[in-house]
Protein chains: 2
Amino acid sequence: MPKQVDHKARRRQIAEAVTALISEGGLEAATLREIAARAGVSMGAVQRCFSTKEEMMVFVHEHLGELATAQIEGRIAASGAGDDPVAILTETVRGITPLTAEDLPWTRAWLVFAAQAATDPRLAAVQREANRGLFRLLSVLVRAGVDAGGLRAGLDPETTARDLLALTDGLGVQVLVGVHTVATARESVERALAALRP
Amino acid sequence: MPKQVDHKARRRQIAEAVTALISEGGLEAATLREIAARAGVSMGAVQRCFSTKEEMMVFVHEHLGELATAQIEGRIAASGAGDDPVAILTETVRGITPLTAEDLPWTRAWLVFAAQAATDPRLAAVQREANRGLFRLLSVLVRAGVDAGGLRAGLDPETTARDLLALTDGLGVQVLVGVHTVATARESVERALAALRP
DNA sequence: CTTTTTTCGATGCGCTTGTATCGGATCATA
DNA sequence: TATGATCCGATACAAGCGCATCGAAAAAAG
């Protein structure tokens, strides 16, 4: 048997390089040569991990989604939410909102991918599925929260979930554009969450 | 004197071609050759209107902003709002929200430009100024509405304006991604506006 | 009708991109 | 240690990009 390399790890490593490049200089800055240089590997290594660039972009998109999921789960665990649906909902919403300056890089990358997905059918499928998954999660949490009495009665789960997603996405855009700051975004999302409680 | 062409009109014509191409295939679809073909002129004509492509993109960005302004003013005039700040606020917010399927093309183009502005300092200045203008307008309208009694007392003008902008931007993203539809976006924005009234 | 100035459409150029190719280095196995 | 499959890094290549150039066409002025 010949030399063995950890493909999974390498793909992640490359995905992080792509994310960093995109958040700094947009899609056009993410060329194969720049990606290889940033990831610290050769161009040939990148080509062996992804047979085409489109396949790479799909993977990066999915990887970004997984990072978001990890961030959310980390928040839930760290907050000791247990199985309180309201606490889980709170941390989930916080996890997808730019709350500090450290969140700006992935927020920029997320915006670029969202724009790309709006005009590219293949990425649209990935983005759509990720967003629908988030939508379903929030719906379930809102319904459970209402049933448990932690949220206002009469709250429609799906409407509430949709509006929460719209708010966090909008905050992301507005923070990047400079109308909102991370501080006002934080206040805004806390106010929206507080308004759901009885 | 030699042949004369209407540069202003041509620039608008090219800007509309660029917007259409971007809303169909993203930034990468907007090459000089495609733009010229779509606008029905030669590549040389495009080059005489804009000395560089970046200058063209800035103009297109500004043009998109002017279209939005025109759409808002058209709504205000058509609704017979007069000088009622609440009615003007309502039509302004509606004007920047994707309410029907016809709004999807410019929503896509707007998202692409927002993403581009997040990573390109020159476009960022344009986008930032446009958004701040909108923010100031909404702030003034909210303050006037509160003073006139058409909006809830105790409403902070700047906070309310920021949140309205975040909502409309978020609705744009979510509609394009497929979580919201134009119908639910319409309901959502009307609900948000209704919540401001006393 | 001639002249002159601007616009037009086309072509060429240098550059960068994504992808394909290939000899040599590398390491588990026999 | 010899072997042979696998990975590496560099280079080659075609395509497409934005931009520059140039002769021909067109129209107002003499």
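Scope of the values below: all heavy atoms of this structure, side chains included, with no hydrogens, waters or symmetry mates. Note on naming: letters A, B, ... go to the chains in the order of the sequence lines (proteins, then strands), and numbering restarts at 1 for each one. These numbers come from a predicted model, not from an experiment.
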A/His7 side-chain proximity, nearest of C/dT7, D/dC7, D/dC17: D/dC7
For DNA chain C, the residues among residues 38-56 of chain A that have a non-hydrogen atom under 4.0 Å from it: A/Met43, A/Gln47, A/Thr52, A/Lys53
Short side-chain N/O contact to C/dT11 OP1/OP2 from B/Arg33, under 4.0 Å: no
Nearest-Å distance for atom pair CD1/C1', residues A/Ile14 and D/dC7: 13 Å
Results of salt bridge (charged side-chain N to carboxylate O under 4.0 Å, His left out) for B/Glu190 - residues two or more places apart only: B/Arg94
Nucleotide D/dA15, atom P - distance to CD of B/Glu28 in whole Å: 19 Å
Heavy-atom side-chain contact between B/Thr184 and A/Glu158 under 4.5 Å: no
Whole angstrom value for the distance that separates P of D/dG18 from CD of B/Glu34: 10 Å
Residues which pass salt bridge (charged side-chain N to carboxylate O under 4.0 Å, His left out) with A/Arg136, listed by chain and number, not counting sequence neighbours: A/Glu129
Those residues that, when tested against A/Glu24, pass salt bridge (charged side-chain N to carboxylate O under 4.0 Å, His left out) (two or more places apart): A/Arg38
Integer-rounded Å distance: D/dC17 P and B/Ile35 CD1: 10 Å
Under the side chain to side chain contact (heavy atoms under 4.5 Å, CB included) test, residues paired with B/Arg143 that sit two or more places apart: B/Asp147, B/Pro157
Set of salt bridge (charged side-chain N to carboxylate O under 4.0 Å, His left out) partners for A/Glu54, sequence neighbours left out: A/Arg122
Nearest-Å distance for atom pair CG/P, residues A/Leu27 and D/dC17: 16 Å
Spacing of A/Met57 atom CE relative to C/dT19 atom P, expressed in whole Å: 10 Å
